[in-house]
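Structure record follows, encoded as structure tokens.
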Amino acid sequence: MYSLPTSCMILFFIFYRFHQILCASSEKEIGRCDALFQCGDVTAGFPFSGRNRPEVCGHPLLRLHCINNITSLIISNQEFYVLKINKTSNTLTLARPDLLGSFCSSTFTKVTLPTEIFELSPTYKSVNVFYLCDPFLSYPSSSKCPEIGPISLSEKPEYNNTCRESFTVNLPTSFLPEEKKLNMTHLESTLREGFEVKVNIDENACQECLSSHAFCGFDQTFPSGVKCGPLYPQDAEDIRRRCSASFSCGDQKDLMYPFWIPGREDCGHPDFKLECNASFAELTISSVKFRILEMNYSSRVIRLSRSDYISNICPLNPVSAPFEENVIPFAPDTEMLTIYYDCRTELTQSVSTYVGEISCHDDVRSYYVTRNLSSPLLSGVRGLINDFKGICRRNVSIPASRPALDTLERTPTPDNLKKALEEGFDLAFNEDCSLCMVSGGACGYTQISSRFVCYCDGWVHTNICDHLFWEPPLLKNSVNSN
Ligand SMILES: *[C@@H]1O[C@H](CO)[C@@H](O)[C@H](O)[C@H]1NC(C)=O
Ligand SMILES: *[C@@H]1O[C@H](CO)[C@@H](O)[C@H](O)[C@H]1NC(C)=O
Ligand SMILES: *[C@@H]1O[C@H](CO)[C@@H](O)[C@H](O)[C@H]1NC(C)=O
Ligand SMILES: *[C@@H]1O[C@H](CO)[C@@H](O)[C@H](O)[C@H]1NC(C)=O
Ligand SMILES: *[C@@H]1O[C@H](CO)[C@@H](O)[C@H](O)[C@H]1NC(C)=O
Ligand SMILES: *[C@@H]1O[C@H](CO)[C@@H](O)[C@H](O)[C@H]1NC(C)=O
Ligand SMILES: *[C@@H]1O[C@H](CO)[C@@H](O)[C@H](O)[C@H]1NC(C)=O
Ligand SMILES: *[C@@H]1O[C@H](CO)[C@@H](O)[C@H](O)[C@H]1NC(C)=O
């Protein structure tokens with residue numbers, strides 16, 4: 001049986017609606033493990049703790065500190081700077097702060113990383129640094145430090161008889177010490193880049209926990225080391241309240257999921273961050289700016305347009321931006337308009353209702369296609385469209401709305417093209433979010449499991465607020481693993 005007594009779990013289950021947590025404080029703390037550690041460019045979740053991630057959220061050897069935007073770890077009384085954390089490969093790039101400056105004035109301390117969780121990445125090797133060596137002998141790959149005398153680098157422990165001391169440094173396997181005279185500058189600059197270690201902690205247990213919408217903490221009394229707990233109820237309630245209120249940005253007053261602004265990270269999808277100024281609410285997708293023209297939950301309208309195409313059908317270097325249709329799908333009447341710029345051809349007459357011509361630059365023609373390129377309606381002009389690929393300098397696909405494209409097809413003028421682009425295109429509401437809101441929840445996102453969540457009265461759910469059919473993961477996990 002784990003630390004939480006059964007009676008306490010049952011009380012927990014009965015009273016969760018009233019946010020009364022009667023159990024040990026670490027139980028509550030696990031509910032705070034949805035927070036990420038953030039410092040400078042470094043972001044970390046499980047299995048790390050530090051800053052707003054309570055100690056219970058991470059392995060005791062992985063407690064991060066943040067000083068002046070520099071992340072560090074203390075391992076075996078030695079401080080290591082954490083230059084990078086790669087969540088995908090489970091690796092850390094570490095550097096010893098005492099080895100970042102002049103090598104000769106470093107502390108020359110022996111430090112070994114605990115092998116229980118750290119393993120040097122295969123692209124790095126341990127190299128011995130011998131010092132306090134017999135000054136009358138000559139050593140390969142050596143240099144002289146002012147106070148210490150000769151030092152020598154070697155991958156083998158071969159000078160342990162003639163040198164009194166040694167310690168190891170971790171260097172890339174590609175680092176080959178110079179045969180005779182060690183190049184200090186080269187060694188110092190390589191050490192400054194740090195070295196990579198793999199963190200051996202089973203993340204599968206945590207993934208399982210996350211998929212039951214709870215958060216991972218750490219408890220070494222558990223076989224996997226992973227302890228699973230729900231979000232701290234008061235936090236969930238605070239987030240629910242914050243996310244159910246709409247927000248303003250630029251000229252838009254009623255914005256909600258998936259859009260967000262700083263302070264509402266939990267309430268929107270990471271790809272839909274808005275920039276607001278006095279006039280507009282804009283978001284950037286693959287370096288392309290989109291402006292929100294309208295968002296109205298009661299009439300279920302979300303309308304956007306490309307900022308670079310507003311009042312300009314020939315912007316400088318336009319590119320296509322793939323839209324995240326699984327976060328926010330296009331409305332049924334949205335179709336892709338494709339413009340082929342600067343084509344080395346001239347169509348002598350109108351070839352199709354679906355292909356029009358514009359002029360952006362002198363001497364070259366540009367053409368647009370008013371239907372999805374996959375549309376069967378284009379079968380008659382398939383050859384021409386394939387030719388465009390080869391003879392036009394650039395193509396851009398832009399979502400537009402069917403009624404505006406219909407007008408453009410009936411009256412193909414540059415002005416109607418401009419209007420179609422300016423009027424923008426409609427998006428449909430995210431289905432998960434609609435269901436969540438109907439059930440009384442607030443739509444949000446959790447960085448920890450990188451997914452949509454529905455914040456309910458004190459609980460977090462995958463889709464809708466349904467207390468009756470939802471089993472608290474804490475209870476499930478503890479009962480199963482007993
Ligand atoms: C840390 O970084 C943030 C944002 O990158 C910056 O605003 C802040 O001034 C930095 N603080 C220090 C102490 O360098
Ligand atoms: C993280 O590691 C993965 C797998 O080794 C690699 O593909 C990716 O490029 C790394 N990411 C960064 C930011 O280094
Ligand atoms: C010294 O080196 C020899 C091999 O060259 C090795 O057998 C021995 O264990 C080393 N001693 C220390 C203290 O490292
Ligand atoms: C020493 O290494 C530095 C940096 O790697 C390099 O620029 C320099 O040319 C090297 N000096 C010698 C003498 O090889
Ligand atoms: C708002 O931003 C847009 C471009 O992003 C710019 O054209 C406009 O002038 C800005 N308006 C104000 C009032 O700053
Ligand atoms: C949103 O749509 C509803 C219903 O169509 C309408 O009554 C309301 O005025 C709209 N709100 C805004 C801000 O346009
Ligand atoms: C046109 O393409 C868009 C984006 O790929 C898609 O969402 C839409 O369903 C397509 N419309 C038709 C009528 O094929
Ligand atoms: C658009 O241009 C790119 C190359 O720039 C090409 O790979 C792509 O197939 C073109 N797309 C269409 C729809 O013609």
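The figures here come from the full heavy-atom set of this structure, side chains too, leaving out hydrogens, waters and symmetry mates. Read the numbers this way: they start at 1 and go in the same order the structure lists the ligands and their atoms.
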Determine which pairs satisfy side-chain hydrogen bond (donor to acceptor under 3.5 Å, both in side chains) with at least one residue from residues 186-195, sequence neighbours left out, and list them in order.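 Residue pairs passing side-chain hydrogen bond (donor to acceptor under 3.5 Å, both in side chains), neighbours aside: E178-H186.
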Taking non-hydrogen atoms within less than 4.0 Å of ligand 8, which protein residues qualify?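 Residue list for ligand 8: Y340, L373, K389, N395.
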Search all heavy atoms of I74 against all heavy atoms of H65 and return the closest pair with its distance.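 Heavy atoms of I74 and H65 come nearest at CG1-NE2, 4.0 Å.
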For residues C243 and C443, report the shortest heavy-atom separation together with the two atoms involved.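 Between these two residues, the closest heavy atoms are CB-O, 3.7 Å.
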Sort and list the pairs that fulfil disulfide bond (SG atoms under 2.5 Å apart) and have at least one residue in residues 277-306, not counting sequence neighbours.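 Checked against disulfide bond (SG atoms under 2.5 Å apart) - neighbours excluded - no pair reaches residues 277-306.
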Inter- and intrachain pairs under disulfide bond (SG atoms under 2.5 Å apart), touching residues 61-116, at least two apart: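 Those involving residues 61-116 are C39-C66, C104-C145.
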Closer than 4.0 Å to some heavy atom of S298 - which atoms of ligand 6 meet that?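 Answer, ordered by atom number: 1 (C), 2 (O), 3 (C).
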Output yes when the distance from some N or O of ligand 6 to some N or O of N296 is under 3.5 Å, and no in every other case.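 Yes, since at least one N or O of N296 sits under 3.5 Å from an N or O of ligand 6.
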Looking at Y340 versus Y367, is the centre-to-centre ring distance below 6.0 Å?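 Not under 6.0 Å, so no.
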Is E119 paired with K198 through a side-chain N to carboxylate O contact shorter than 4.0 Å?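 No salt bridge links K198 with E119.
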